[in-house]
Protein chains: 2
Amino acid sequence: MSPRPVDPNLRPQLIDAAAKLLGEEGPAALSTRKLAAMVGTSTTAVYTYFGGMDDLVRAMVHEGFRLLGDRMGAVEESDDPVADVLALGWAYRDNAREHWHLYNVMFGGSGLSGFSLTDADRQHGRYTLDILVGAVKRCAATGRFRPFDPELVAHQLWIALHGLVTLDLGGYLVEPNTADVCFEAQVSGMILGAGDDPQRAQESLARAAQRRLRTQ
Amino acid sequence: MSPRPVDPNLRPQLIDAAAKLLGEEGPAALSTRKLAAMVGTSTTAVYTYFGGMDDLVRAMVHEGFRLLGDRMGAVEESDDPVADVLALGWAYRDNAREHWHLYNVMFGGSGLSGFSLTDADRQHGRYTLDILVGAVKRCAATGRFRPFDPELVAHQLWIALHGLVTLDLGGYLVEPNTADVCFEAQVSGMILGAGDDPQRAQESLARAAQRRLRTQ
DNA sequence: ATCGTTACGTAACGCTGTCACGTAATAGCG
DNA sequence: CGCTATTACGTGACAGCGTTACGTAACGAT
């Protein structure tokens, strides 16, 4: 009943090769033939392990979401929830910078030509938001933020982070308003807008900066 | 000395056809053959009027920047500069929604596969920012905003607008935190953060909303 | 040992961007 | 008016793309 078994290494190998190709030679270089050559099979492997090129890209995007989720999940919950929010912001930004080619496909409307995400794919992206919502809720619970719609506050943070990251990746943020400058202005502005005390916000910013140095 | 003259209509026709094709059939449908068929020439026209497919896309992107600039330039300077800023925000968002396929290519990192913007292209994009900077400066000049770095404030507004627009286009903003809800929260938050009086900010918001209804 | 099932290499199809080549059309000049 | 230089552009080719039909080889179950 059972035929030749699938090589369990081939699937991740193809995904890795695709990510590597995307990162090193750009989206135009992503082709079944190049991938097959890299992992030492033929182009049909893409069709047995995935439905086609689109599904391989989709799997790669899922991997990208997993990387982002891991990065943000690794941010520990401290007794300073505002510093946690800031640390999450940096985690988001650092991940996007590190895997910028993936980030573009994950969130860049068209991404590769002809490829588009489904609603199911987007659910993976929204997991990012859940982590942020939790941190914002803890800010509200400890009285640092006004108890006003944590979901909306998290959305605003996400929008600001995403806008910053994409304009940065697009090369639009140059001296003197670099991504770092804008990041700090944007995030601290939102925190003060959410109701935090300026003095304590400043302390949390410093704490988050120290945590970032420690973990990288 | 002079050969057969170039048909002056063919160039804009090709750009329009490309925009139409991009909007109606997606980025994958953009091909020299389809374009040639649409305007009634052969594929070589793309090479005589542009350097190739890339340059045609580039011309289309420039057209997109022009549309955005026109839309924002059409926002009149009133004696309520904060309302002007809000109106500019809506103009940005409305344009992006109307020409979303173009917007994705203009600001979406990879956009079409293999195509990438040059620094010269980005300068067109930054013109958008100049208009915003002017409005923010007028807010500061009239005492509505604190006189603190209008360029940075404009950057923050741009980042928020761009983040909102791209997440919206990507389908990430759903009930109850729709793009409209987030837009208002984001923009009013920034205005208050810039130092405006809450009461006057509310009035400006209402005024900008009325102006928007009037002009569309 | 045989058979059913499945992976996968080969080769093809239609599509793409790009370019060499030949032809047709035009403006300037005598 | 006629000639010629110059250029647009249609035709056809090329390499490379995603995808698939087909044949073969490898395996588990019986």
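Naming convention: chains lettered A, B, ... in sequence-line order (proteins, then strands); numbering from 1 in each chain.
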Subject >> With B/H162 via side-chain hydrogen bond (donor to acceptor under 3.5 Å, both in side chains) - residues at least two apart >> reply: A/T166, B/Y103
Nearest-Å distance, [atom1] ([X]) to [atom2] ([N])?
| X | N | atom1 | atom2 | answer |
| --- | --- | --- | --- | --- |
| A/Y47 | C/dT6 | OH | C1' | 19 Å |
| B/F50 | C/dT18 | CZ | P | 13 Å |
| B/L30 | C/dC15 | CG | P | 17 Å |
| A/L56 | D/dC17 | CG | P | 15 Å |
| A/L21 | D/dG16 | CG | P | 15 Å |
| A/L14 | D/dG18 | CG | P | 13 Å |
| A/F115 | D/dT19 | CZ | C1' | 18 Å |
| A/M53 | C/dT16 | CE | C1' | 15 Å |

**OP:** Could you tell me whether A/R71 and A/E98 have a side-chain N and a carboxylate O separated by less than 4.0 Å?
**Re:** yes
Original post:
Going by an N to O cut-off under 4.0 Å, is there a salt bridge joining A/R211 and A/D84?
Top reply: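 Yes, this pair counts.
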Subject >> Any B/Y49 side-chain N or O less than 4.0 Å from OP1/OP2 of D/dA8 >> reply: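 For B/Y49, the contact criterion (side-chain N or O under 4.0 Å from OP1 or OP2 of D/dA8) is not met.
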Original post:
Is any side-chain nitrogen or oxygen of A/T48 closer than 4.0 Å to OP1 or OP2 of C/dA7?
Top reply: no
Original post:
In residues 32-43 of chain B, which residues come under 4.0 Å of DNA chain D by heavy atom?
Top reply: B/R33, B/T41, B/S42
**OP:** Check whether more than 12 heavy atoms from other residues, nucleotides or ligands sit under 6.0 Å from atom CD of A/Q123, and answer yes or no.
**Re:**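 Result for CD/A/Q123: enclosed.
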With a cut-off of 3.5 Å and sequence neighbours excluded, list every side-chain donor-acceptor pair involving residues 167-182 of chain A.
unit_1	atom_1	unit_2	atom_2	d
A/D168	OD2	A/R97	NH1	2.8
A/T178	OG1	A/V181	N	3.4
A/D180	OD1	A/R93	NH2	2.4

Original post:
Mapping A/A29 and A/G51 onto DNA chain D by nearest heavy atom, which one lands closer to the 5' end?
Top reply: A/A29
Original post:
Yes or no on salt bridge (Lys or Arg N to Asp or Glu O under 4.0 Å) for A/R66 and A/D70, after CA distance, side-chain angles and deciding distance?
Top reply: CA-CA 6 Å; A/R66 196 190 57 76; A/D70 284 358; 2.7 Å; yes
Original post:
Counting N and O atoms only, with roles assigned by atom type, does the side chain of B/H99 sit under 3.5 Å from a partner on the main chain of B/N95, one being a donor and the other an acceptor?
Top reply: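 Side chain of B/H99 to backbone of B/N95: no pair is present.
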